[in-house]
2 protein chains.
Amino acid sequence: MSRSPSSSIEPVLVPQGGRAMCATLWGAVLGQPDLSDAALSAVLAWARWRHLASGDVVFACQQPAEQLFAVLEGCVGLGTLREGQAFHLERSVHGPGWLDLSSAWVGQGHVQDAQAMGSALVLELPLAALRPLFLRYPELQERLLLALAQTVQKLTGATHDLMAKDAQKRLVGWLLQRMSAPAGDVALRERKRELAAQLAITPETLSRLLRQLMASGLIEVQGYSIKLLNLNALRALA
Amino acid sequence: MSRSPSSSIEPVLVPQGGRAMCATLWGAVLGQPDLSDAALSAVLAWARWRHLASGDVVFACQQPAEQLFAVLEGCVGLGTLREGQAFHLERSVHGPGWLDLSSAWVGQGHVQDAQAMGSALVLELPLAALRPLFLRYPELQERLLLALAQTVQKLTGATHDLMAKDAQKRLVGWLLQRMSAPAGDVALRERKRELAAQLAITPETLSRLLRQLMASGLIEVQGYSIKLLNLNALRALA
DNA sequence: CGAACCCTTGATACGCTTCAACAAGAGTGG
DNA sequence: CCACTCTTGTTGAAGCGTATCAAGGGTTCG
């Protein structure tokens, strides 16, 4: 049986080129077009990167937030860490991408816990050190604004989905969004329980929904790879 | 029977002092401490304000977004406008406060519809005109960053509530947050259907929940004013 | 081999929505 | 002034969607 998700749980590639490679990844976080080398290296001078093993805590709820967090590589989950029980996942960030841009600005501590799902490379950026740079490199601040705005849009979409769509519509929407070529193949990069968590349903319900869609001939499920057979019908569902 | 919400539906106070009064409200949107007069008036030079009657559309979904929107006075609802049916409310913004900061930055059109709930005074700020100002007044950009970050935190909280709490917990949480003095009085400023929409439940369910809490002796409901009788028990519920 | 994990399947329970009916103002026009 | 309608909130009965609990199969690994 195919086990695609495990590949993202393998030992992370340690950046061989050191700073060079990190800079490349880091550029991906800040978006296109690439920032000037001067701005990039000025920011990198203050950056600190941490290598995390599976399960490591990146930051904890209510802990004072003074840094911007980005995931360079691997995957980090946002949610609630409950002692004695499993981590309750709410959202996950795959590198490269921002993990938490907002908490440091508000300055009132983190609102969620963050835990590495598998090995990950995380970058921390002290906001206090960054502020002076904004005057010299205004593009930098604009990138952060854009990233925050995108986060707002994504969250708005998420709340809308939760309020207006049922589980099936959310699942189909997720599949369509993640579909690669027009062919319509989806290779799951995560465990099904994590997918379920992102859709705010239980693993049991996810299993039933997939079976149901398969019975309707709309998709074909084989382990961690899903084929979308009838795109039009799926779009009509979502 | 007390009808508090209607007061927010009365004809809005037209700013008598014109620009002066608008500037004061506008300052409230940008937060404390007040920006320099120079920065404020530079921004205001580009601002356009619109007086809206109840039901007027501020912007529509997918419509290209090139401006920042703020509510100076009154209340504007965000949600989905469906032809033939009633507006589906998801979130509402009471002035003074930002209505939509994110869409213009992303530059891909609005994600929701916005409709005035009662008379309102809305301010539009073309992003293109604003950009040059950022170089001269970096504080301005920082205010926007902060506002965006706060929006992210609020939305994160909202999605968390939707995913983890049932309707009763959301309602009790809402009541506690909106409670004024330690006394524990809540005067509803909105119709109960709008409150229900914000909590992502139906009006029927809201009615039943209020009755249920009243039967438990935790609250006392009289029309649009609610007394919280047992704060500790309520906090334990949420 | 046994242990641990992930996914699946079934039975049941609960929360919330939907639909329908009704009461209580508020506004309107005869 | 009263009948009429419109809106808002309330209540009840029925039904859907999803969670919960329990059990079993497949895979991986020591």
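In terms of phosphate contacts, B/Tyr224 brings a side-chain nitrogen or oxygen within less than 4.0 Å of OP1 or OP2 of D/dG9.
Closest heavy-atom contact between A/Leu237 and A/Leu213: CD1-CD2, 4.0 Å.
For the helix from C/dC1-D/dG30 to C/dG30-D/dC1, the terminal axes (five pairs an end, C1' atoms, rotation from four pairs onto the next four) enclose an angle of 20°, given to 10 degrees.
By the salt bridge (charged side-chain N to carboxylate O under 4.0 Å, His left out) test, A/Arg82 is found to be paired with no residue, residues two or more places apart in sequence or in another chain being considered.
Whole-Å rounding puts the A/Leu195 CG to C/dC7 C1' distance at 13 Å. Straight-line distance from the CZ atom of B/Phe87 to the P atom of D/dT7: 18 Å, rounded to whole Å. One atom, CZ of B/Arg191, and another, P of C/dA24, lie 18 Å apart when rounded to the nearest Å. Protein atom CD of B/Glu190 is 14 Å distant from nucleotide atom P of D/dT8, rounded to whole Å.
Under the 4.5 Å side-chain criterion, counting only non-hydrogen atoms from C-beta, A/Leu121 is not in contact with A/Arg50. A 4.5 Å side-chain heavy-atom check between A/Thr151 and A/Trp98 finds every atom pair outside the cut-off. Contact check for A/Met179 versus A/Leu228: side-chain heavy atoms found under the 4.5 Å cut-off.
A side-chain donor-acceptor contact under 3.5 Å links B/Arg170 to the backbone of B/Leu199.
Residues of residues 196-214 of chain B having a heavy atom closer than 4.0 Å to DNA chain C, listed by number: B/Ala200, B/Ile201, B/Thr202, B/Glu204, B/Thr205, B/Arg208. Only at 4.0 angstrom or more do the heavy atoms of residues 159-179 of chain B sit from any atom of DNA chain D, so none qualifies.
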Residues B/Ile201, B/Leu209; criterion side-chain contact (heavy atoms from CB on, under 4.5 Å); working and verdict: CA-CA 10 Å; B/Ile201 58 180; B/Leu209 286 176; 4.1 Å; yes
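For residues 199-217 of chain A, every residue pair satisfying the side-chain hydrogen bond (donor to acceptor under 3.5 Å, both in side chains) rule, not counting sequence neighbours, is listed here: A/Thr202-A/Thr205. The side-chain hydrogen bond (donor to acceptor under 3.5 Å, both in side chains) pairs that include a residue from residues 57-72 of chain B are B/Gln67-B/Glu124, where partners are two or more places apart or lie in different chains.
Exactly one residue among B/Phe69, B/Trp49, B/Trp26 makes a side chain to side chain contact (heavy atoms under 4.5 Å, CB included) with B/Leu125. That residue is B/Trp26. Each of B/Asp113, B/Leu52, B/Leu81 was checked for a side chain to side chain contact (heavy atoms under 4.5 Å, CB included) with B/Val57, and the lone residue meeting it is B/Leu81.
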